[in-house]
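I have placed the structure first, in the form of structure tokens, so that the comments after it can refer back to it.
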Amino acid sequence: MGRPADSRGSRTRPDPVQSFNRWRKKHSHRQINVNEITRFSDFPLSKKTLKGLQEAQYRMVTEIQRQTVGLALQGKDVLGAAKTGSGKTLAFLVPVLEALYRLQWTSTDGLGVLIISPTRELAYQTFEVLRKVGKNHDFSAGLIIGGKDLKHEAERINNINILVCTPGRLLQHMDETVSFHATNLQMLVLDEADRILDMGFADTMNAIIENLPKKRQTLLFSATQTKSVKDLARLSLKNPEYVWVHEKAKYSTPATLEQNYIVCELPQKISVLFSFLRSHLKKKSIVFFSCCKEVQYLYRVFCRLRPGISILALHGRQQQMRRMEVYNEFVRKRAAVLFATDIAARGLDFPAVNWVLQFDCPEDANTYIHRAGRTARYKEDGEALLILLPSEEKAMVQQLLQKKVPVQEIKINPEKLIDVQKKLEAFLAQDQDLKERAQRCFVSYVRSVYLMKDKEVFDVSQLPVPQYARSLGLAVAPRVRFLQKMQKQPTEELVMSQVNEIIEPRAPSLTNDEVEEFRAYFSEKMSILQKGGKRLEGTKCRLASGVNDEEQEEEGEEEEGEEEEEEMEDKLEKAKGPQAQPVLNTSEVQKIKEVPMQFLDRDEEDEDADFLTVKRRNVFGLDLKESKVLQKKESSKSSVKKKVTKVAEAKKVMKRNFKVNKKIMFTDEGELVQQWPQMQKSTMKDTEEEGDTGGINIDKAKERLQEEDKFDKEEYRKKIKAKHREKRLKEREARREANKRQAQAKDEEEAFLDWSEDDDDGFDPSTLPDPDKYRNSEESESKDMGKKIRDTKKKRGMRKRDDSDVEDVGPASRSSKRAKRDASEPLDTGLSLAEDEELVLHLLRSQS
Ligand SMILES: Nc1ncnc2c1ncn2[C@@H]1O[C@H](COP(=O)(O)OP(=O)(O)OP(=O)(O)O)[C@@H](O)[C@H]1O
């Protein structure tokens, strides 16, 4: 397999019709009795194929293989559906090898079989299985999945007999590689056909099929069948045999798959995930998210949180090489967690995956089935856990049950939850890049909910947006234009509902057409971007139509992506018109236990002992819901935090051996003035400690406290006394000062009375004794201040008056004016009446 065809030299290709007739003679379809087949060797297969199968340890057939290989070997078109992990890959690969073998196909015959897969990873995996089981054949096989040099592929594509590819890249070669043609094609295989269509490749598929010869055999496989697959089957299959192996099965998922769901508020989801990982350190898990930016951000953050298990990330924004590395690494690992978008949801066959956790609600029940199907593959056990928001629960569970998916609700044990929000906040505070990633993650998630088709499940108006932002570590929720607009709008319907309770506010919803319109717009934008050469590696990849976020190589193109988002929002707003009527639910989220940071780094073994005791139906200590009533009671109980007594807290602190900081302060003279924690001063201390035999003696403690109390009161009394004494001294000092000034004032008054005409400077009132100084020293400081201000103003006013007088008015006029003033108004000395009288008497005495 994989040998370059041209090394064989050219030879005449046998007539396929003749070969087929020869083969039919040998292996008439009547010879294949499905009921008798249990092993591959029961089929009329070539030795080379059988040898390859045996070497790869494939001996017994699975049900889908038993029912479809025979039909395909007879040249019939087959539409095959079977549960995940049931062996569909071999169900088409065996007929592929046999079809070319019986035609004695060689590399010179060109392209004989085309296998189209929705994702690069699945194409790569199929290619690997093909190489393994077909290694004894001489056909050349090739993998064309994009992300590689187109020119290099174009040179090789003509020599490929079996081509495994993704639809976008194939069509690009059909359009651009002149030498590429599929005129000899014998067989077309569409693996996970419904996914190919879901990803918006319907037009691409139509274009591809138009380029293929009409006379060919077509096989179409998937774990789920949708109407669009049936449409595609009508288009591309001729009188197909429908093989739906598990149509009558009780469940549409593997019997060995244990499936549960939990209902969780959006802001708690990250903590739930972290707690889950902490409790499954030795397991291999895949966690599915709804968008690339979520994976990008949470991958980084979780690596920093160091949960104790290696984390990998797989999404469509990674470069192809990285995607392959991650894929192979996760295949190799025995215990690891893969954060992935839905590019990992279909067909990927990672060995021994124990858990599939769906962090975000899948867009529909089929996506759920494929995601969950990454575990419990081919007779192995596996567990799937779906996290649902309260707003998603009812409709989603209903859909799952309709699709025969047996999910049961289990509940979170809040005691086992580790809150990581603070840690995330700390990360973002230090790292701007991470913060921006958090913002992008936020916007992407909100938008993804907004864009989901199924409005019964996905209701963006129910998202507790600010709390969600905080749970990502963001202090403020980033601006999401359409949300802002929705919030601002005074909802007509809401008003109506207040008037008439029958009319309820309508959740913002896009009609299917609007969503389709938006998707078309988006895909158009993407293909323009790509055509504009913005794609990595200089390749111009054409996505003929449809959205294929997962297939975009956008690493390093995030800014453009952001612009894209803005435009998308605009477009959405236009598309939505006046429909949006959200009332964001800002109800408080349930408080969860906050764990000290050191807990995050604690020993792995301890964790296992803690959490892994509970297995089935019990995720990190979760109990299967017995009854709703019981659960409600318990959850309400658990939401009330257990009251921790001071004694218990003190004991905890003592156990941790914390050393409390000491604060000691001294005066300039070196005297100790304050100490924290307070020094034990009472005499009780020594006696108490002496008699201490461990534990806490409450009586003694009380006694000691009373003693301490007495001591403190005494201290306080002393302090108050000292203060009073100080105050009294100050008052005495003030009185003394006042008396002094009084004496001084008398002298100044004399000087005032002796004022003569010789004094050119005129009267300076500032020389007057400040009457306020004589006032009671007990007057408040504020009063003094006010007075000072008033006095200053007064002085200024007087000075002004005096200054203006100086120029044109002589001393004579001044004295007459003063005489006038004296006559009209009594002199205000600012003293009390008694003091005034004493002053007058004193003056009179001195005059006489
Ligand atoms: N006959 C067989 N004997 C042993 N193992 C088998 C056989 N057929 C398939 N397997 C194994 O079963 C696993 C699942 O097979 P495969 O990937 O083909 O499943 P699938 O039906 O295509 O699943 P999905 O729907 O998820 O794509 C693989 O690991 C494969 O090796």
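First listed ligand is number 1; within each ligand, the first listed atom is number 1.
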Donor-acceptor under 3.5 Å (Glu392 side chain, Cys361 main chain): no
Examine the proximity of ligand 1 to Asp349 and report which part, side chain or backbone, both or neither, has a heavy atom under 4.0 Å away. side chain
Can you name the nearest heavy-atom pair linking Asp381 to Thr375, along with the distance? O-OG1, 3.9 Å
Among [options], closest by any non-hydrogen atom to [atom]:
atom	options	value
atom 30 (C) of ligand 1	Phe221, Phe40, Tyr58	Tyr58
atom 19 (O) of ligand 1	Gly87, Ser222, Ala82, Ala345	Gly87
atom 17 (O) of ligand 1	Arg39, Arg377, Met60	Arg377

Do me a favour and list the nearest non-hydrogen protein atom to [atom] with residue, atom name and distance?
atom	result
atom 8 (N) of ligand 1	Gln65 NE2, 2.8 Å
atom 12 (O) of ligand 1	Tyr378 CB, 3.1 Å
atom 25 (O) of ligand 1	Lys88 NZ, 2.7 Å

State which residue, out of Glu121, Gln125, Arg322, fulfils the side chain to side chain donor-acceptor pair (under 3.5 Å) condition with Tyr327. Gln125
According to the interplanar angle, ranging from 0 to 90°, do the rings of Phe92 and Phe221 count as parallel (below 30°), tilted (30 to 60°) or perpendicular (above 60°)? tilted
Would you say CD of Glu63 has more than 12 non-hydrogen atoms from neighbouring residues, nucleotides or ligands within 6.0 angstrom? yes
Ignoring hydrogens and angles, state whether a donor on the side chain of Asn159 or Ser140 is under 3.5 Å from an acceptor on the partner side chain. no
With distance as the sole criterion, is a donor-acceptor pair present between the side chains of His137 and Thr49 under 3.5 Å? yes
Under 4.0 Å from one or more heavy atoms of Ser86, ligand 1 contributes atoms 19 (O), 20 (P), 21 (O)
At a 4.0 Å threshold, what atoms of ligand 1 neighbour a non-hydrogen atom of Lys83? 21 (O)
N/O of [X] under 3.5 Å from N/O of ligand 1, yes or no?
X	result
Arg346	no
Thr89	yes
Gln125	no
Arg59	no

Trace of the side chain to side chain donor-acceptor pair (under 3.5 Å) decision for Tyr261 with Gln358: CA-CA 9 Å; Tyr261 75 90; Gln358 306 197 32; over 6 Å; no
Show the numbers, then the answer: is there a salt bridge (Lys or Arg N to Asp or Glu O under 4.0 Å) between Asp360 and Lys269? CA-CA 9 Å; Asp360 293 323; Lys269 271 166 66 169; 3.0 Å; yes
Separation between CG of Leu45 and CG of Leu73, rounded to the nearest 0.5 Å: 6.0 Å
So, does [X] sit close enough to ligand 1 that a heavy atom of it is under 4.0 Å from the ligand?
X	answer
Gly85	yes
Arg374	yes
Glu192	yes

